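Only one structure is covered here, and it is reproduced in the block below.
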2 protein chains.
Amino acid sequence: MTISVKLQRKETTTINSNFHKLKPEKKELIINAAIKEFVRNGFDKASTNEIVKEAKISKGSLFNYFNNKKDLYVFLIDHGIHVIEKHLYEKIDLDETDLFKRIEKIGWQKLHIHSKYPHVFDFLASSIQEESPEVKDIIKQKVDPVYERGTEIIFKHIDYSKFREGIDIEKAIEILNWTMFGFGDKAIKQINTFEDIGEFGDQYLKEWELYSEILKNSFYK
Amino acid sequence: MTISVKLQRKETTTINSNFHKLKPEKKELIINAAIKEFVRNGFDKASTNEIVKEAKISKGSLFNYFNNKKDLYVFLIDHGIHVIEKHLYEKIDLDETDLFKRIEKIGWQKLHIHSKYPHVFDFLASSIQEESPEVKDIIKQKVDPVYERGTEIIFKHIDYSKFREGIDIEKAIEILNWTMFGFGDKAIKQINTFEDIGEFGDQYLKEWELYSEILKNSFYK
DNA sequence: ACGCCATTGACCACACTGGTCATTTCATGC
DNA sequence: GCATGAAATGACCAGTGTGGTCAATGGCGT
């Protein structure tokens with residue numbers, strides 16, 4: 001006689017492959033609608049009714065594509081991670097050793113990601129605060145490493161010898177970071193007033209250089 | 001014969017005065033619990049059940065103190081505005097013309113406000129994003145002017161002649177602002193690990209000066 | 001004209017909502 | 001120790017919104 005004990009349930013968050021058969025535009029519509037709702041309300045209070053309304057599909061379809069709310073959420077996490085890995089981290093040019101130029105290029109990439117998936121960054125950032133026990137552990141397991149890898153790769157091979165003597169480089173980078181986020185927020189609020197993302201990008205870059213110059217003046221020799 | 005038309009309903013958001021008879025500590029407990037819930041979920045989705053649980057009072061009491069959810073919300077807005085006016089704006093020393101010193105003092109005041117009402121700033125800031133038609137107009141009417149007055153008074157009588165030639169003062173102030181917010185967030189996350197707010201305040205001030213010096217080095221002649 | 005499967009939305013049991021109010025608890029004066 | 005009024009309670013209510021289901025429908029390829 002054997003006693004079998006299920007110590008750990010196997011994760012069976014298999015996405016119903018029907019979803020992947022959809023047209024890319026429709027997939028994006030659903031993804032963006034769902035992310036938007038989860039960002040606004042968190043896992044528990046996000047409403048699947050709101051998601052299907054925004055995505056212009058029926059309730060039945062949503063639960064055809066995904067087994068349940070949790071599977072949808074986990075899929076979105078995976079999707080967000082994939083986007084950031086593929087379209088941000090992998091495109092970082094490690095030969096660019098100047099911190100400001102590196103940051104500038106990253107900002108440019110973020111802008112492009114934003115135009116396709118407007119809330120991925122917000123989503124992953126807010127997911128870390130998620131408290132619902134149903135998804136909390138999975139998030140920690142999946143999202144934390146992405147941020148760790150991010151802060152590592154972003155500053156890899158940067159030439160710190162350009163910095164003034166005596167300056168606290170860590171604090172300088174924090175200031176740069178906060179300024180980027182602040183400027184990024186401001187930019188995103190303006191982005192909707194433009195039709196052409198390229199045109200916006202140009203102006204955006206030009207304005208960022210002005211902020212950049214002010215900080216460079218302080219940080220560099 | 002006269003025809004009387006009610007063009008505009010008189011605002012009758014009179015707070016049931018029972019609330020003001022309570023012991024100050026109990027009042028603060030209720031205020032903080034309610035603010036916390038409204039910050040987390042917005043007006044519509046905030047739960048009065050959660051508020052009474054957190055405030056350790058009964059449902060009946062809450063609706064004895066306040067006629068309804070909306071009155072509670074409006075009271076909290078008024079309260080928040082009062083706190084900021086009384087404990088922040090009125091304490092700004094207009095004889096201090098150095099921008100960095102002025103900012104430093106304001107940070108100090110904010111720290112004290114935070115220790116008594118941990119979420120007032122978040123509350124008023126997030127209230128502006130509120131979309132519920134039941135309170136949207138009232139907020140715009142009450143909160144917007146506070147922020148306008150704030151940005152005006154904070155920079156009143158500042159000596160801009162200390163700034164380097166050619167620097168874009170507006171952008172410099174934006175950077176300073178973003179850095180303050182970033183540092184403030186970081187500080188608040190650490191504040192709970194300290195018992196004594198005075199001790200924390202000292203360390204906080206000392207660390208802020210390091211950031212401050214970096215920016216001063218860039219902004220000033 | 002048929003078969004097949006993606007799509008639909010009415011429907012379900014249930015959780016939770018803002019608000020009420022009969023009842024209990026408490027503080028006070030005697 | 002008792003009477004009295006005020007303050008506090010929480011079971012209760014009708015209504016709304018929830019995640020998820022599934023019989024019915026629609027539309028496309030042949």
Side-chain angles (χ1 to χ4, degrees), chain A residues 12-31 33-38 40-76 130-135 138, chain B residues 12-31 33-38 40-76 130-135 138:
Chain A
T12 53
T13 35
T14 37
I15 273 44
N16 186 324
S17 59
N18 291 337
F19 180 68
H20 292 298
K21 292 181 197 156
L22 296 176
K23 282 194 290 180
E25 311 113 59
K26 197 170 181 181
K27 280 168 68 172
E28 275 173 31
L29 197 65
I30 295 169
I31 288 171
I35 285 183
K36 190 174 162 187
E37 177 69 9
F38 280 122
R40 205 198 284 278
N41 297 99
F43 179 77
D44 279 331
K45 303 203 173 185
S47 161
T48 52
N49 292 324
E50 280 300 312
I51 292 172
V52 299
K53 203 195 294 173
E54 173 99 11
K56 284 159 193 160
I57 59 171
S58 70
K59 196 86 164 288
S61 284
L62 184 67
F63 284 95
N64 177 27
Y65 305 146
F66 305 93
N67 300 325
N68 52 47
K69 195 179 174 183
K70 183 188 168 185
D71 276 15
L72 167 60
Y73 191 87
V74 173
F75 165 77
L76 293 173
E130 186 57 58
E131 283 179 342
S132 171
E134 220 170 326
V135 291
I138 297 177
Chain B
T12 54
T13 36
T14 37
I15 272 44
N16 187 325
S17 58
N18 290 337
F19 180 69
H20 292 298
K21 291 182 197 156
L22 296 175
K23 281 194 291 178
E25 312 114 59
K26 197 170 181 180
K27 280 168 68 171
E28 275 173 33
L29 196 66
I30 296 168
I31 288 171
I35 285 182
K36 190 174 163 187
E37 177 69 9
F38 280 122
R40 205 196 285 276
N41 295 14
F43 179 77
D44 280 330
K45 304 201 173 185
S47 161
T48 52
N49 291 323
E50 279 300 313
I51 293 172
V52 301
K53 203 196 292 174
E54 173 99 11
K56 283 160 192 159
I57 59 172
S58 71
K59 195 84 164 288
S61 284
L62 183 67
F63 284 95
N64 176 27
Y65 305 145
F66 305 94
N67 299 325
N68 51 46
K69 196 180 174 182
K70 183 187 168 186
D71 275 16
L72 167 60
Y73 192 87
V74 173
F75 165 77
L76 292 173
E130 186 57 58
E131 283 180 341
S132 171
E134 218 169 328
V135 290
I138 297 177

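Not measured: the values here are computed from a predicted model.
Taking every heavy atom of both residues into account, Val52(A) and Lys59(A) meet most closely at CG1-CA, 3.9 Å.
Under a cut-off of 6.0 angstrom, the local environment of CD in Glu25(A) is crowded, with over 12 non-hydrogen atoms contributed by other residues, nucleotides or ligands. More than 12 heavy-atom neighbours from other residues, nucleotides or ligands sit within 6.0 angstrom of NZ on Lys45(B). When the shell of 6.0 Å around NZ of Lys69(B) is examined, it contains more than 12 heavy atoms from other residues, nucleotides or ligands.
Mapping Lys26(A) and Asn68(B) onto DNA chain C by nearest heavy atom places Lys26(A) at the nucleotide closer to the 5' end.
Rounded to a whole Å, the NZ atom of Lys53(A) is 14 Å from the C1' atom of dG9(C). We find that CG of Asn41(A) is positioned 10 Å from P of dG19(D), with the value rounded to whole Å. In this entry the distance linking CG of Asn67(A) with P of dG19(D) reads 16 Å, nearest Å. Residue Lys27(A) contributes atom NZ, which lies 13 Å from atom P of dT7(C) at whole-angstrom precision. Between Lys59(B) atom NZ and dG10(D) atom C1' the separation is 9 Å, expressed in whole Å. At whole-Å resolution of the value, CG in Leu22(A) and P in dT8(C) are 11 Å apart. Between Ile57(A) atom CD1 and dG19(D) atom P the separation is 14 Å, expressed in whole Å.
Proximity note for Ser47(B) (side chain, C-beta onward) versus dG19(D), dT17(C), dT8(C): the nearest is dT17(C). Out of dG18(C), dG9(C), dA8(D), the shortest distance to the side chain of Asn49(B) is found at dG18(C).
Taking the six-membered ring where tryptophan is involved, the planes of Phe75(A) and Phe66(A) are tilted, since the angle between them lies from 30° to 60°.
Contact between the side-chain N/O atoms of Ser61(B) and the OP1/OP2 oxygens of dT9(D) is found at a separation under 4.0 Å. Look at Tyr65(A) and you'll find a side-chain N or O under 4.0 angstrom from OP1 or OP2 of dT7(C). Put simply, Thr48(B) has a side-chain N or O that comes within less than 4.0 Å of OP1 or OP2 on dG18(C).
Residue Lys45(B) is out of contact with every strand shown, counting any heavy-atom pair closer than 4.0 Å.
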